[in-house]
Amino acid sequence: MQNRDAKTHMAAPSRALSRLLLTVLLLLLTGCAGVPSSSAPQAIGTVDRPAPQALPKPTPGMEPDLLLREFLKATADPANRHLAARQFLTDSASDNWDDAGSSLLIDNVVFVETRSSDRVSVNMRADMLGSLSDMGVFETADGPLPDPGAIEMVKTSDGWRIDKLPNGVFLDWQQFQQTYKRHTLYFVDPTGKTTVPDPRYVAVSDPDQLATELVSKLIAGPRPEIANAVRNMLAAPLRLQGPVTRADGGKTGVGRGYGGARIELEGLPTTDQHSRLLLAAQIIWTLARSDIKGPYVINADGAAFDDRFAEGWQATDVAATDPGAVDGASAGLHALVGGSLMFLDGQSSRRVPGSFGSMPDQISAALSRDGHDVASVVTLRPGAPDSASSLWIGAVGEGAVQGADGRSMSRPTWALDEAVWVVVDGNNVVRVIQEAASGQPARIPVDSTAVTARYPGVIDELQLSRDGTRAAMVIDGQVILASVEQTPRGEFALTYPRRLAFGLGSSVVSASWRTGDDMVVSRKDPAHPVAYVNLDGVNSDGPGRNLSAPVGIVAANPSAVYLADRRGVMQLSGSGAEDDQSWADVRPFIVAGAVPVLPG
């Protein structure tokens, strides 16, 4: 037996994933994605497409362990049922290999061989970093790869070939990074106010095919976990009529320079003007955020999709649905200081007029999405056996009414439909709405069975995403993500819960969405008090310079991040480069126990 060619030169999984998130964050900050590298329109593995560059091929002199490593790299190309990888198999192995479903991404691979003169049996050990579905959905994973069983290799007239292997696809992490690029599809939130990100990993070697690939994926629909949480204005019977071209019909330079992009659709159902705007928004934000530039000429059934934009749409035409817009930007930063709500007034702070500026013992709060209303939690005797918490809701500068009560209550968060969500007594998720008839608050339970069944701990925090379709929770110090679904009867449920950010362990204190695709979390780890987490589940350390432990509530939006530390409220400042960022005092709020408050 032997143990050869272990990938000792590769980065540890957490560092590899951190690099991936850093790249994603830079793309988010610049509002675009990188130039892609391989595939034609349709689900991964279903169509003929150009092969990615530099994929390995078997050669007669390859030793078994090298052949197997090169096979794992070749699985990065899903075209024609992984034809590139099947070159490493015998005919019988190729006939029997089922490559359908998700791929497992592995790193630090070690082979243990048992060898004879013409046959080798290999057991594979590896770190499992994540999975990639046939839709291009990547999710992180953690821990060792479960034993897939022996891989059998035989010597043929063409050299060593794999003769028996387990079903499924094991994808080399390094090759995955070289072959796939992250792009984001956008769907519509249930209220029709904004667009919702759905990140995908796409392999496209010809940049002129990327727009076609992305629009095709839009038409195919969202990932399963948000299928009941979003609307798809491009759903069937709508179809794409031919590939996306330049605005003038040319086939090269699509979306580059001033060439723009032309999208020809057919089967468009009769829609109102707002629905057409939302459909255009899905296409435009999906293409624009992948650096495919306009103008975007959208035609349907041989005519202009909207006569007002016959010469082409620009992103400014759908600015109202911008997924990167800052909710309630004009409201500015607020903070709870000494248990009362304050706002910045130049270089000083002032109490908010009305109930929230005078009410004591407030421990957490959130402004509504437009900044006009407040939801605040008052807790008496926190931590004591007879502690009591209550939720108060009202307009800024006016009176407040009680919406819910309990022994404990999480920081409130606002949905796009103006409902306030909180967790009461650790596990009871509720929505508080204003009844149309009475004008009084009504407390309505949210079905969180899927969450509590899988993650039975106390829900210390629940924050709705900026588009309202996802909920990030902190449970036992871990980040748990769930989808927000509304049933046909109008009830709400948290579904498809999954853990994010395995690399953070159980150290998370608070979480806040920065965009619809990523959040900032505070941690108990003094060496790394802040981290970024994205929808894929990848985590990366954030700047910690000038913070004083312990850190508490974090509040973020696309343009700013605030954090409570031992001294008061701190703001992340500096350039986009992580090495140039540090935390600075928000001087009027440098009071021990002060808590930042933003819309959200």
Side-chain angles (χ1 to χ4, degrees), residues 189 191 193-194 324-345 349-379 389-404 409-423 431-434 441 461-468 471-472 510-516 519-520 552-564 568-572 586 588-589 594-600:
D189 85 280
T191 69
K193 294 179 180 178
T194 189
V326 180
D327 296 330
S330 61
L333 174 66
H334 290 60
L336 292 174
V337 180
S340 297
L341 189 62
M342 314 281 287
F343 70 96
L344 278 180
D345 183 12
S349 64
R350 295 173 55 192
R351 288 181 183 272
V352 170
S355 295
F356 295 101
S358 58
M359 192 162 43
D361 302 313
Q362 298 173 77
I363 63 167
S364 64
L367 296 173
S368 61
R369 301 288 174 169
D370 60 10
H372 295 159
D373 296 281
V374 183
S376 179
V377 172
V378 171
T379 298
S389 296
S390 53
L391 174 69
W392 296 82
I393 303 172
V396 175
E398 298 182 14
V401 295
Q402 185 173 335
M409 201 167 291
S410 67
R411 177 168 51 147
T413 182
W414 290 80
L416 290 183
D417 63 0
E418 299 183 352
V420 177
W421 290 50
V422 291
V423 183
R431 298 170 63 243
V432 180
I433 63 170
Q434 185 179 51
E461 184 155 73
L462 183 152
Q463 292 290 293
L464 295 175
S465 60
R466 312 199 73 78
D467 48 60
S510 175
S512 181
W513 293 89
R514 195 183 69 84
T515 69
M519 64 191 80
V520 185
I553 285 179
V554 60
N557 63 33
S559 61
V561 181
Y562 300 95
L563 177 66
V569 176
M570 307 292 288
Q571 178 179 9
L572 186 61
V586 180
F589 295 150
V595 173
V597 176
L598 287 175

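- Here the shortest heavy-atom pairing between Ser355 and Gly399 reads OG-CA, 3.2 Å.
- A salt bridge links Arg431 to Asp417: one of the charged nitrogens lies within less than 4.0 Å of a carboxylate oxygen.
- How far OG of Ser559 is from CG of Leu572: 11.5 Å, rounded to the nearest 0.5 Å.
- Contact check for Leu341 versus Val374: side-chain heavy atoms found under the 4.5 Å cut-off.
- What you find for Val352 and Gly397 is that their closest heavy atoms are CG1-N, 4.0 Å.
- Side-chain contact between Leu464 and Trp414 is absent, with no heavy-atom pair separated by less than 4.5 Å.
- Residue Glu398 holds its CD atom at 10.0 Å from CZ of Phe356, rounded to the nearest 0.5 Å.
- Interatomic distance, Ser340 OG to Asp361 CG, rounded to the nearest 0.5 Å: 8.5 Å.
- Inter-residue side-chain proximity for Arg351 and Met342 is flagged as met; some heavy-atom pair is nearer than 4.5 Å.
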**OP:** Decide yes or no on side-chain contact (heavy atoms from CB on, under 4.5 Å) for Arg350 and Phe343, but give the supporting numbers first.
**Re:** CA-CA 6 Å; Arg350 295 173 55 192; Phe343 70 96; 3.8 Å; yes

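- To the nearest 0.5 Å, the span separating CZ on Phe589 from CG on Leu333 amounts to 5.0 Å.
- Between Gln362 and Val377 there is no side-chain heavy-atom pair separated by less than 4.5 Å.
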**OP:** Walk me through it: do Leu416 and Thr194 pass the test side-chain contact (heavy atoms from CB on, under 4.5 Å)?
**Re:** CA-CA 9 Å; Leu416 290 183; Thr194 189; 3.9 Å; yes

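- For the pair Leu336 and Ile363, the minimum side-chain heavy-atom distance is 4.5 Å or more.
- In this structure the side chain of Ser389 never reaches within 4.5 angstrom of the side chain of Val378, judged on heavy atoms.
- Separation of atoms CG (Leu391) and CD (Gln402) is listed at 8.0 Å; rounding is to 0.5 Å.
- Side-chain N or O atoms of Ser410 include one that pairs as donor or acceptor with a backbone N or O of Val423 at under 3.5 Å.
- Counting heavy atoms from C-beta on, the side chains of Leu367 and Asp373 never come closer than 4.5 Å.
- The two residues Ala375 and Ile393 come nearest to each other via the heavy atoms CB-CG1, 4.3 Å.
- The environment of Glu418 atom CD is sparse: at most 12 non-hydrogen atoms of other residues, nucleotides or ligands sit within 6.0 angstrom.
- With contacts defined as side-chain heavy-atom distances shorter than 4.5 Å, the pair His334/Pro596 does not qualify.
- Under a 3.5 Å cut-off, the side chain of Glu461 and the backbone N or O of Arg411 do not form any donor-acceptor pair.
- Trp392 and Ser390 share a side-chain donor-acceptor pair at under 3.5 Å.
- When all heavy atoms of Ser358 and Gly354 are compared, the closest pair comes out as OG-O, 3.3 Å.
- Residue Thr413 holds its OG1 atom at 5.5 Å from CZ of Arg369, rounded to the nearest 0.5 Å.
- Annotation for Gly552 and Ser510: closest pair O-CB, 3.6 Å, computed over non-hydrogen atoms.
- Residues Gly328 and Pro599 share a closest heavy-atom pair of O-CG, 3.8 Å.
- Panel note: side chain Asp189, backbone Lys193; a donor-acceptor pair is recorded below 3.5 Å.
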